[in-house]
Every structure is written in structure tokens, then in C-alpha cells.
Amino acid sequence: NVSAEDKGTGKSEKITITNDKGRLTEEDIERMIREAEERLRSGLGNRASKHAVEVEARRFVRAWDVDTFEPHLPRMNAGRDFARGEALFTSLQCGACHQVGDVGVAYGPDLTGVGSRFSPRDLLIASIDPARDLSDQYAGVLVRTGNDELLLGLPIARTDSSLAIAPDPRGGILKVEVPIEEIVSEQPASPMPAGLLDTASMDEVLDLLAYLRSAGNPEDPAFQRPP
């Protein structure tokens, strides 16, 4: 995570950089950290830019997959830790793209009612393997341009001359317009990065799934301890 905190107000924001299976070089990571620091400074305003930016990287735990995790799903229903699930939702910046109750923004699917609409397995697949079952409503597009630039986001408008996409909102850019003549290829893709949960332990992931299934309700039975 790259995090910026305003020491005067205590307000902080984070951007998570995940090195999925070691595909990023050290130079890539350093460049991404520098860019993230600048975005966070801008996002917190002038006061934040006067204070130090703290850099904290989440450690890789393991590359989770659905088949490995599925046998443990029944543990999601009892003995879970609400605070830890909520903390993971925050530290992974899930709220930058999803809404749970009155937390977050609905750039992607609103997750408030997922507990009643989807099974625990469906929720697991959407979290660990987001490209597996792409919804037509929220499917993103991966665009390659003539100068070999890759752009990923939700398509929001197309004309004869350009394609407008909404990129990852954590970058602070609401819309990017790509001239049609510059587009070499397009393919469906999930805006949610792969491997996002690979920096979390199994218990952390179970707590997050319980948090999502409960719509962020700390009184849900999954978080209650036996008397």
C-alpha cells in the first residue's frame, strides 16, 4: 500500500500496488509508488502535501484460487471478525469501486445486497477470479492503442470518432477518450485487478466475505461470539 496521511486532521488514503506473480520489476514498482504518492498528495489537498507520505507494502501471502478456498467457505458463517473484514475492505480500497451500505462508491457493482442475491461460492469467485463470470453491465474493456498503450476501464460512450472509458477511479481521472483511429484492439476485461486478495490470509478473506455478505452489519450472526 502507498498511504498518505494528513497529520493535522488524521485523514488518510491508500493505494494498493499488487505485484501479481512477480510480473512487475523493481523499476516498475518504484515508478508506480512515485505516481501513487503524487496522486495521494493531490487527493488530500495542500495540507497533506506538507507532511510525509508513508509507504507500506502488503506482503504476498499466496495466489488464492477458487478450488483451494471453496472447502473453507462454511467457516464464513460463524466466528468471523467484523473489524478485520471492514479493515481489509478499506486497505484494499474496495470502496473506491464498490458500495456496501453507505460506504464506498458504485463505480462497479453495488455490493450491499450480494448476500441475498449470490451464494457464498459466487461471491468467492467474484472476489478471487473477477474475470471468470463478467457481468455485461459491469464488464470493462481493455484497449490497446497504436503506440502499444493499454487502457482499462468501463466503456461509457462510443461515437464514430472516439471511445470514452471510465478508468480506475483511484487514479483521480473520471474519463478518458480514445480516438477510434488509434485503437488497435479491444477485448472484454474485468476492471477489478487479478490477485487483489493474494496479500490477505485465509481468515482475512473469510472476514471480508462475511462483511460483504452481511452488507457491513456488525450485528450479523457471522460476527457473534457464543455466550
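Note that the numbering runs from 1 along the sequence shown for the chain.
For the residue pair C97 and D168, the shortest heavy atom distance occurs at SG-OD1, 4.2 Å. Scanning both residues, H98 and P109, for their nearest heavy atoms gives ND1-O, 2.9 Å. For the pair F60 and A63, the tightest heavy-atom approach, listed with the atom from each and the gap, is CZ-N, 3.3 Å. Heavy-atom minimum distance, T112 versus A215: O-CB, 3.0 Å. Taking each heavy atom of A222 and A210 in turn, the nearest pair found is CB-CB, 4.4 Å. Heavy-atom minimum distance, L88 versus A200: CD2-CB, 4.0 Å.
Contact annotation: the side chain of E86 never approaches that of V103 to less than 4.5 Å [non-hydrogen atoms, C-beta and beyond]. Annotation: side chain of V100 is in contact with side chain of L212 (closest heavy-atom distance under 4.5 Å). Counting heavy atoms from C-beta outward, V141 and I165 have side chains that approach closer than 4.5 Å. Counting heavy atoms from C-beta on, the side chains of V114 and D122 never come closer than 4.5 Å. When side chains are defined from C-beta on, P191 counts as touching L154, because their heavy atoms get closer than 4.5 Å. Contact of the R158 side chain with the I180 side chain is registered, since non-hydrogen atoms from C-beta on lie closer than 4.5 Å. By the 4.5 Å heavy-atom criterion applied to side chains, D65 and D129 are not counted as neighbours.
Without hydrogens or angle criteria, T68 side chain to W64 main chain gives no donor-acceptor distance under 3.5 Å. With R225 contributing its side chain and G79 its backbone, the two residues share a donor-acceptor pair below 3.5 Å. Between the Q99 side chain and the G101 main chain, a donor and an acceptor come within less than 3.5 Å of each other. Remark: the backbone N or O of P218 is paired with a side-chain donor or acceptor of Q224 at under 3.5 angstrom.
At a threshold of 4.5 Å between side-chain heavy atoms, the hydrophobic network of Ile, Leu, Val, Met, Phe, Trp and Tyr places V66 and L208 in one connected group. Under the 4.5 Å side-chain heavy-atom criterion for grouping Ile, Leu, Val, Met, Phe, Trp and Tyr, V184 is not connected to L163 through any hydrophobic cluster.
Here the CE-OG distance, from M76 to S214, works out to 9.5 Å after rounding to the nearest 0.5 Å. Rounded to the nearest 0.5 angstrom, E182 CD and S162 OG are separated by 10.5 Å. One distance of note links CZ of R132 with CG of L124; it measures 9.0 Å at 0.5 Å rounding.
Aromatic ring pairs are classed by plane angle as parallel below 30°, tilted from 30° to 60° and perpendicular above 60°; the pair F82 and F223 is perpendicular.
A search for side-chain contact (heavy atoms from CB on, under 4.5 Å) contacts involving A126 returns nothing, not counting sequence neighbours. Under the salt bridge (Lys or Arg N to Asp or Glu O under 4.0 Å) criterion, R213 pairs with D220, sequence neighbours left out.
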Residues L111, L123; criterion side-chain contact (heavy atoms from CB on, under 4.5 Å); working and verdict: CA-CA 10 Å; L111 302 182; L123 189 55; 5.8 Å; no
Residue pair T199, L92: steps toward the side-chain contact (heavy atoms from CB on, under 4.5 Å) verdict: CA-CA 9 Å; T199 60; L92 295 182; 4.0 Å; yes
Step-by-step side-chain contact (heavy atoms from CB on, under 4.5 Å) determination, L150 to L142: CA-CA 7 Å; L150 293 175; L142 181 63; 4.3 Å; yes
Chi angles and distances behind the side-chain contact (heavy atoms from CB on, under 4.5 Å) call for S127, V205: CA-CA 9 Å; S127 301; V205 175; over 6 Å; no
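Among V176, L151, L152, L174, the single residue meeting the side-chain contact (heavy atoms from CB on, under 4.5 Å) criterion with P167 is V176.
Using a cut-off of 4.0 Å between Lys/Arg side-chain N and Asp/Glu carboxylate O, E70 and R121 are scored as salt-bridged.
A donor and an acceptor atom, one from each side chain of S201 and D203, are nowhere located under 3.5 Å apart.
The 12-atom threshold is exceeded at CG of N147, counting heavy atoms of other residues, nucleotides or ligands nearer than 6.0 Å.
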